[in-house]
Amino acid sequence: MTRIKFDYSPLTKFVHDNELSEMQALIKACDQELRQKTGAGSDFTGFVDLPIEYDHEEFDRIKRAAKKIRNDSEVFVAIGIGGSYLGARMACDFLNLNFGNWQDNRKNPIVIFAGNSISGTYLHEILELIGDKDFSINVISKSGTTTEPSIAFRILKEKLIKKYGRAEAAKRIYATTDRKKGALKTESDAEGYEEFVVPDAIGGRYSVMSAVGLLPIAVAGGNIDQLMDGFSAGRKEYNSFDLNKNEAYQYAALRNILLRKGYEVEILENYEPSLQYLGEWWKQLAGESEGKDQKGIYPSSANFSTDLHSLGQYIQEGRRFLFETVVKVDHPRYDLEIPKENDNLDGLQYLEGKKMSYVNEQAYRGVVIAHTDGGVPVMTINIDQQDEYTLGQLIYFFEIAIGISGYLNGVNPFNQPGVEAYKNNMFALLGRPGFEKETTEIKKRENDFF
C-alpha cells in the first residue's frame, strides 16, 4: 500500500511533455546498472534489497537491546557523524519522538546525539544534562577511528566507567561497527560490548535502515517493525524501470532534466518543523552521492512557512538557478482550531473556527503558485502521515531515486573520495602519526591562508 504520491504537475511551464518519456531509455540502462550490480560503486548497493535481505536475528537483538535500555537508562547517547547519526536523528524528529521523551512522565530515555562536531561546549552540556542520571551509549563507527565520534566516545566512556565501574559500564555500551575488523571492533571484543553490524555493502548515508539507525530509533520508542514494513513496501513500489509506474524514477529523471536546463540547486522544503532533519539527512544523501567530477545538483533545504520570512524574497525574485521539492504531509498528527475573540485586533477574525492545517495548506498552495509564476520549478512529494510505515517507504523512495540520479549524471553515487581532503589536512595540522610529510607541506600552505 503506497503512502506517497509524487506530483510534478506545476512543471508544465519548465518541462515539455516529451522530455520525461525521452529519458526512459537512459533510466532503463541505469536501472540495470543498479540492480544487476554492473555500475560504478556496485559493491555498495546493498540498500536496494535490504528490505528482504536484512539480518532477522540481529533485528530481534536490536529490539531486545532497546527494551533493556528503555528499562535501565534515563538518557541514551548515540555517538556518530554523517550517516551514522543523521538517519536516526531524522527519524526521531519525523516520528515526533523528541518532545515526549523530555517530559517528566516519559516512557523512554532522552535520546541525545553526540560525536557529530568537535565542540567542547556541546559535549560539556551533554555531560551536564546526564548528571547523575542512568545512561547508556551507542557508539556508531565502522572504523572506530573517525575523529569526532572517537573523541566523544572517550569522554562519555570515561564518565560511564566512573559511575558504574568498568565491568558494568561495558554492559551499557553498544557498538555498531564493522563485522570483522577495526579499532572499535577490537575494543568491543576485548571489553564485551554488545555489537551490531555496519553492513559492508551499504554506505553510511544509505544505512539508516540497518542497525546504524534502527537501535536509536527503537530506543526512542519508534516501531521498527512497521518502519521495516514500509521500507519493504517501498522496494515493491519502486521496483520497475518503467517511468509510468515508478514515481521515484520520475523524480530522479525530472531532477536531471532541470539540472540540464540550468537549475543547479534543489531546495527540499517542508511545512512541518519535525521534518527539518529530513532535509539534513537528504542533503547528505544527495550531496555526497552526486557531487563529484564538478557535476551534481547542490542540495539545500528550507522550513516553511518559517523560512519564507527569510529566504522567500530570494526564491521569488533572485537568480533563476533554483528548483524546489516539497515534502508535504496530507494528514498531520495533530491539529488545532483557531479560537474566536471578541475583538479583531490581530485581524484573524476571517480564520476563526478554521483548522491550522487548513491555513498551512493554503500557504503551500499560495507559495507553489507564486514561485512557479516567478520562474521557479516546484515538485511535491505528498506523504499520507508521519508514521513509521510512511517513513520507511519515504526512505526507500529517496535512496533509490538518488542512486539512479547519480548514474543518470554519469557519476559513482556510492563513493565519497572528496571527503578525505579536509581530513588529511586536519590530521597533518594535528600532527597525527603517519602524516609527517603532509604536515611539512600543509604548514607551508597554512601561512597563505591564516
Side-chain angles (χ1 to χ4, degrees), residues 50-51 53-80 83-92 95 97-98 100-101 106-115 126 130 133-142 144 149 152-153 156-157 159-161 163-180 182 184-199 202 204 207-229 231 388 391-392:
L50 182 62
E53 294 183 351
Y54 69 94
D55 186 332
H56 290 261
E57 186 276 330
E58 182 181 63
F59 191 83
D60 289 338
R61 281 200 302 115
I62 289 170
K63 291 192 287 185
R64 289 196 297 270
K67 182 178 180 180
K68 175 183 179 295
I69 294 164
R70 290 197 299 267
N71 287 332
D72 69 16
S73 300
E74 298 171 87
V75 179
F76 177 75
V77 186
I79 301 173
S84 295
Y85 99 97
L86 277 170
R89 176 68 191 272
M90 171 272 290
C92 289
L95 298 171
L97 298 175
N98 287 324
N101 288 341
R106 64 182 180 272
K107 298 178 180 179
N108 303 306
I110 298 168
V111 177
I112 300 171
F113 294 89
I126 289 177
I130 293 172
K133 298 181 181 70
D134 287 316
F135 74 107
S136 297
I137 293 171
N138 176 206
V139 55
I140 308 162
S141 175
K142 192 168 180 64
F153 183 42
L156 286 158
K157 178 173 59 177
K159 181 176 178 64
L160 201 65
I161 292 171
K163 181 175 176 64
Y164 298 105
R166 195 171 198 92
E168 181 61 28
K171 298 176 184 178
R172 292 175 171 270
I173 297 175
Y174 301 82
T176 307
T177 189
D178 191 88
R179 186 185 302 276
K180 296 180 180 179
L184 182 55
K185 170 64 176 172
T186 300
E187 179 177 340
S188 300
D189 289 347
E191 299 293 337
Y193 307 153
E194 181 162 7
E195 298 176 31
F196 300 98
V197 175
V198 179
I202 299 176
S207 68
V208 60
M209 292 301 297
S210 72
V212 170
L214 292 177
L215 180 59
I217 294 168
V219 171
N223 187 321
I224 61 173
D225 288 303
Q226 292 180 12
L227 189 66
M228 189 60 76
D229 287 345
F231 194 53
E388 287 90 344
L391 177 58

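Remember, it's a predicted structure, so these values are computed and weren't measured experimentally. Any value given below was found using the heavy atoms of this structure, including those in side chains, with hydrogens, waters and symmetry copies removed.
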Shortest non-hydrogen separation from Ile140 to Ser84 and the atoms involved: CD1-O, 3.4 Å

Worked verdict on Glu195 versus Asp189 for side-chain contact (heavy atoms from CB on, under 4.5 Å): CA-CA 8 Å; Glu195 298 176 31; Asp189 289 347; 2.5 Å; yes

Contact check, side chains of Ser207 and Val198, non-hydrogen atoms, under 4.5 Å: no

More than 12 heavy atoms of other groups within 6.0 Å of Lys171 NZ: no

Atom pair CG (Asn223) and CG (Leu391), whose distance is rounded to the nearest 0.5 Å: 12.0 Å

Which residues share a ring-ring contact (aromatic ring centres under 6.0 Å, His included) with Phe231, sequence neighbours left out: Tyr396

Minimum side-chain heavy-atom gap Phe76-Asn108 below 4.5 Å: no

Working for side-chain contact (heavy atoms from CB on, under 4.5 Å), residues Met228 and Met209: CA-CA 7 Å; Met228 189 60 76; Met209 292 301 297; 4.0 Å; yes

All salt bridge (charged side-chain N to carboxylate O under 4.0 Å, His left out) counterparts of Asp229, not counting sequence neighbours: none

Exercise: identify the closest heavy-atom pair between Tyr164 and Ala169: CB-N, 3.9 Å

Salt bridge (charged side-chain N to carboxylate O under 4.0 Å, His left out) against Asp225, all qualifying residues, sequence neighbours excluded: Lys63

Working for salt bridge (charged side-chain N to carboxylate O under 4.0 Å, His left out), residues Glu191 and Arg166: CA-CA 9 Å; Glu191 299 293 337; Arg166 195 171 198 92; 3.4 Å; yes

Shortest non-hydrogen contact between Arg172 and Phe135, atoms and distance: NH1-O, 3.2 Å

Gly115 to Ile79 - nearest heavy-atom pair and separation: CA-CG2, 4.1 Å

Nearest atoms (heavy-atom pairs only) where Val197 meets Glu58: N-OE2, 2.8 Å

Lys/Arg N to Asp/Glu carboxylate O, Asp60 vs Arg64, below 4.0 Å: no

Under 3.5 Å: donor-acceptor pair, side chain of Thr177, backbone of Ser141: yes

Tyr54: partners by ring-ring contact (aromatic ring centres under 6.0 Å, His included), with sequence neighbours left out: His56, Phe59

Minimum-distance pair of heavy atoms, taken over all atoms of Ile137 and Leu160: CD1-CD2, 4.0 Å

Salt bridge (charged side-chain N to carboxylate O under 4.0 Å, His left out) partners of Asp134, counting only residues at least two apart: none

Main-chain N/O of Gln226 paired to Glu388 side chain as donor or acceptor, under 3.5 Å: no

Check: Asn138 side chain, Tyr174 main-chain N or O, donor-acceptor pair, under 3.5 Å: yes

More than 12 heavy atoms of other groups within 6.0 Å of Lys67 NZ: no

Contacts of type salt bridge (charged side-chain N to carboxylate O under 4.0 Å, His left out), residue Glu187, not counting sequence neighbours: Lys157

Intermediate values then yes/no, side-chain contact (heavy atoms from CB on, under 4.5 Å), Ile126 and Leu156: CA-CA 9 Å; Ile126 289 177; Leu156 286 158; 4.2 Å; yes

Side chain to side chain, Val212 and Ile202, heavy atoms closer than 4.5 Å: no

